[in-house]
Structures are given as structure tokens and as C-alpha cells.
There are 2 protein chains.
Amino acid sequence: MKNTVSLKKQQGTCTVPCFDHDKVNAIRSTLDKERDRLPELADFYKLLGSSKRLKILLALAEGELCVCDLAHVLELSVAATSHQLKLLRDKGWLRKRDDGKMVYYRLHSADLLKALKSDLKMLETRLR
Amino acid sequence: MKNTVSLKKQQGTCTVPCFDHDKVNAIRSTLDKERDRLPELADFYKLLGSSKRLKILLALAEGELCVCDLAHVLELSVAATSHQLKLLRDKGWLRKRDDGKMVYYRLHSADLLKALKSDLKMLETRLR
DNA sequence: CCTTCATTTAGAAGATTTCGAAAATGATGA
DNA sequence: TCATCATTTTCGAAATCTTCTAAATGAAGG
């Protein structure tokens with residue numbers, strides 16, 4: 001019955017044997033400080049977790065484009081393109097400009113592109 | 001899973017009125033250079049697009065932890081925790097160390113944490 | 001007003017993700 | 001060997017995401 005595992009604390013109602021109560025609580029209280037920011041960061045990454053949406057952001061790097069031109073760039077239906085644009089716009093990364101019947105989209109934040117390129121470079125240069 | 005016909009045959013037969021052929025083609029050829037890297041970047045973001053997985057990475061910032069301690073930090077079942085760990089490990093962001101019956105996980109890349117914190121700061125400081 | 005056109009929204013189908021329950025794996029020690 | 005334990009894998013259900021078609025919206029010009 002005695003091994004390295006049993007040396008660790010088993011407190012209260014927890015039934016999992018290897019539970020290092022103090023260590024886990026310390027980490028939990030540390031992470032608790034990020035309680036609000038973590039889901040926000042996760043949502044941010046979730047939004048960028050799509051080749052189509054990344055393409056939109058890169059396509060707009062040079063300047064604004066109308067929805068149907070973006071649809072051609074993405075090789076996607078206009079409806080689906082509009083849907084993806086809305087997702088990016090709702091989070092404040094894109095702005096739209098109405099010009100008669102046409103709607104033009106542009107980047108709202110230069111920081112986003114910088115972060116994107118920074119992450120891309122990190123991916124490329126990491127050792128595998 | 002069929003594509004819109006008019007979008008597939010963009011050269012000459014395009015029926016969408018506002019199609020700026022030259023502009024779109026220029027952007028397409030630019031994006032084409034990122035053909036391989038873009039899905040990779042999207043997969044990277046997809047992986048980070050989860051509070052649970054972000055918590056795992058931050059929890060491991062201070063040092064290695066066993067699966068069941070991580071499960072307590074995440075307030076998740078051990079099985080589900082193991083599943084998330086595998087996703088991160090398969091992409092090379094985590095390493096595991098076997099010690100008897102126990103398995104300890106640790107970060108494999110310091111660059112990942114740096115990127116994470118950089119993105120977090122970008123989110124916090126951007127104008128809304 | 002009526003028609004046309006670019007875009008957006010609604011609804012549905014199909015794919016993917018998440019996570020618990022249970023079975024399987026692999027190590028330890030009697 | 002046998003039993004036990006930490007972890008992993010498998011399976012299935014629920015939730016979410018993607019993208020289509022079709023209908024709705026809103027602007028421009030008869």
C-alpha cells in the first residue's frame with residue numbers, strides 16, 4: 001500500500017489517488033486570475049482556426065474588397081463568405097463600408113495582422 | 001459536398017457581376033504562396049481555441065504535472081483530460097515522461113507560451 | 001411603385017468537437 | 001501469476017461549426 005503515490009495528500013471528497021492537493025490548489029488560484037481572459041483568448045483562437053477566415057484577413061491586408069470578390073478569392077459561395085465576414089466583424093476585426101448596393105470590407109486592426117505573422121513565424125522556426 | 005459551379009470556373013465564364021478579375025487573381029496568387037502554411041496556422045489556432053487546452057499549457061508553465069492532477073486543475077474527467085493532452089502532444093507542444101504507473105506531462109516549447117502571452121497582450125491593449 | 005442586384009439571414013444537412021462511461025493497456029507489487 | 005492502479009483508447013450522444021439553398025433585406029434606377 002505504500003509507494004510514492006500514497007505519500008501525496010488525499011483530502012476531502014476527492015477520490016482520485018494521486019491528487020496533490022496543495023500544488024493543484026496553487027495552480028488553480030493562479031489560473032483563476034485569468035478567469036475572464038482565458039475564454040476570451042480561446043474565442044480569439046477559435047475565430048482564427050479556419051483557413052477561410054485567415055485567407056479573408058490576409059486578402060484584406062492590401063486594402064478593402066467587396067463580398068463577392070472575397071467569395072472568389074475564397075472559392076466559396078457569397079452566402080458562406082458573408083457568414084464568415086460577419087463572424088470576424090462581430091468580434092471587431094473587420095469594418096464594412098456601404099457604397100450603394102456594394103459592401104466593402106476592410107481590416108480594422110493592424111495589430112491582428114502583426115500577431116498573425118508573429119505566430120506564423122513562430123510555427124516556422126520552432127524545432128520539431 | 002459540391003461547389004458552386006460559377007465559382008469553380010472563374011476564368012471567363014464567371015457570372016458574378018462585381019468580379020474584379022485582375023485584382024482577385026493577384027490576391028489569389030499571393031495567397032497561393034501560403035498554400036501549405038495557412039492550413040497549418042489554422043490548425044494551430046484551432047488547437048489553442050479551447051479554454052481547457054489553454055489552461056493545460058498555463059498550468060504546465062511552472063513545471064510538469066501528472067494526468068490526474070491536471071484533471072483536477074481542469075475540473076474534467078481523467079479520460080477527457082488525457083484526450084486533450086494527446087491533442088497537444090500529437091502536435092508536438094507537450095512531452096510525456098513515464099514514471100512507473102504515473103505519467104507526467106511538460107511543455108516542450110517555450111516559444112508557445114511566449115506567443116500565447118503576446119496574443120493575450122494584443123487582445124488586452126487593442127482599441128475597441 | 002416595381003424591378004434588379006449585392007448582400008444578409010434562415011433553415012437544414014453533414015462534419016467535427018467534447019466528454020462521460022466503459023473497456024483496454026501497461027506497470028507495479030504481492 | 002494475479003490483483004490493483006494510472007492512464008489511454010473506444011464508443012456514443014450532445015453540442016457546435018460549416019456551408020449549402022432559398023427567402024428576405026435594402027439600395028438604385030426606371
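In what follows, chains carry the letters A, B, and so on, assigned in the order in which the sequence lines appear, proteins first and then strands, with residues in each chain numbered from 1.
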Can you tell if the side chain of Leu94(B) reaches within under 4.5 Å of the side chain of Ile56(B), non-hydrogen atoms only? yes
Length of the line joining Tyr104(B):OH and dT7(D):C1', which is rounded to integer Å: 13 Å
Sole residue of Leu31(B), Val24(B), Thr30(B), Asp32(B) in side chain to side chain contact (heavy atoms under 4.5 Å, CB included) with Arg28(B): Val24(B)
Could you state the atom-to-atom distance from CE of Met102(B) to P of dG26(C) in whole Å? 19 Å
Rounded distance (Å) that lies between atom P of dC17(D) and atom OH of Tyr45(A): 18 Å
side-chain contact (heavy atoms from CB on, under 4.5 Å) between Leu38(A) and Leu58(B): does it pass, once the steps are laid out? CA-CA 10 Å; Leu38(A) 234 90; Leu58(B) 294 178; 3.3 Å; yes
Determine whether the aromatic ring centres of Trp93(A) and Phe44(A) lie less than 6.0 Å apart. yes
Nearest to the side chain of Tyr105(A), which nucleotide is it out of dT7(D), dT8(C), dT7(C)? dT8(C)
Quickly work out the Glu64(A) CD to dA6(C) C1' distance and round it to whole Å. 15 Å
Length of the line joining Asp20(B):CG and dA6(C):P, which is rounded to integer Å: 14 Å
Do the side-chain N and O atoms of Asp119(B) and Tyr45(A) include a donor-acceptor pair separated by under 3.5 angstrom? yes
How would nucleotides 16-25 of chain C be written as a contact map, 5' to 3', with B for base contact, S for sugar-phosphate-only contact and - for no contact, using protein heavy atoms under 4.0 Å? --SSSBB---
To the nearest angstrom, how far is Lys86(A) atom NZ from dT18(D) atom P? 15 Å
What's the CD1-C1' distance between Ile56(B) and dT7(D), to the nearest Å? 14 Å
Between Lys55(A) (NZ) and dT19(D) (P), how many Å, whole number? 11 Å
To the nearest 0.5 Å, what is the distance between NZ (Lys23(B)) and CG (Leu65(A))? 5.0 Å
Write out all pairs satisfying salt bridge (Lys or Arg N to Asp or Glu O under 4.0 Å) with one or both partners inside residues 41-62 of chain B, taking only residues at least two apart or from two chains. Asp43(B)-Lys46(B)
Protein proximity profile, nucleotides 24-30 of chain D - base contact B, sugar-phosphate-only contact S, no contact -, cut-off 4.0 Å on heavy atoms: ---BS--
The reported gap from CZ in Arg97(A) to OH in Tyr105(A) (rounded to nearest 0.5 angstrom) is 12.5 Å
Is it true that Arg37(B) and Glu34(B) have a side-chain N and a carboxylate O under 4.0 angstrom from each other? yes
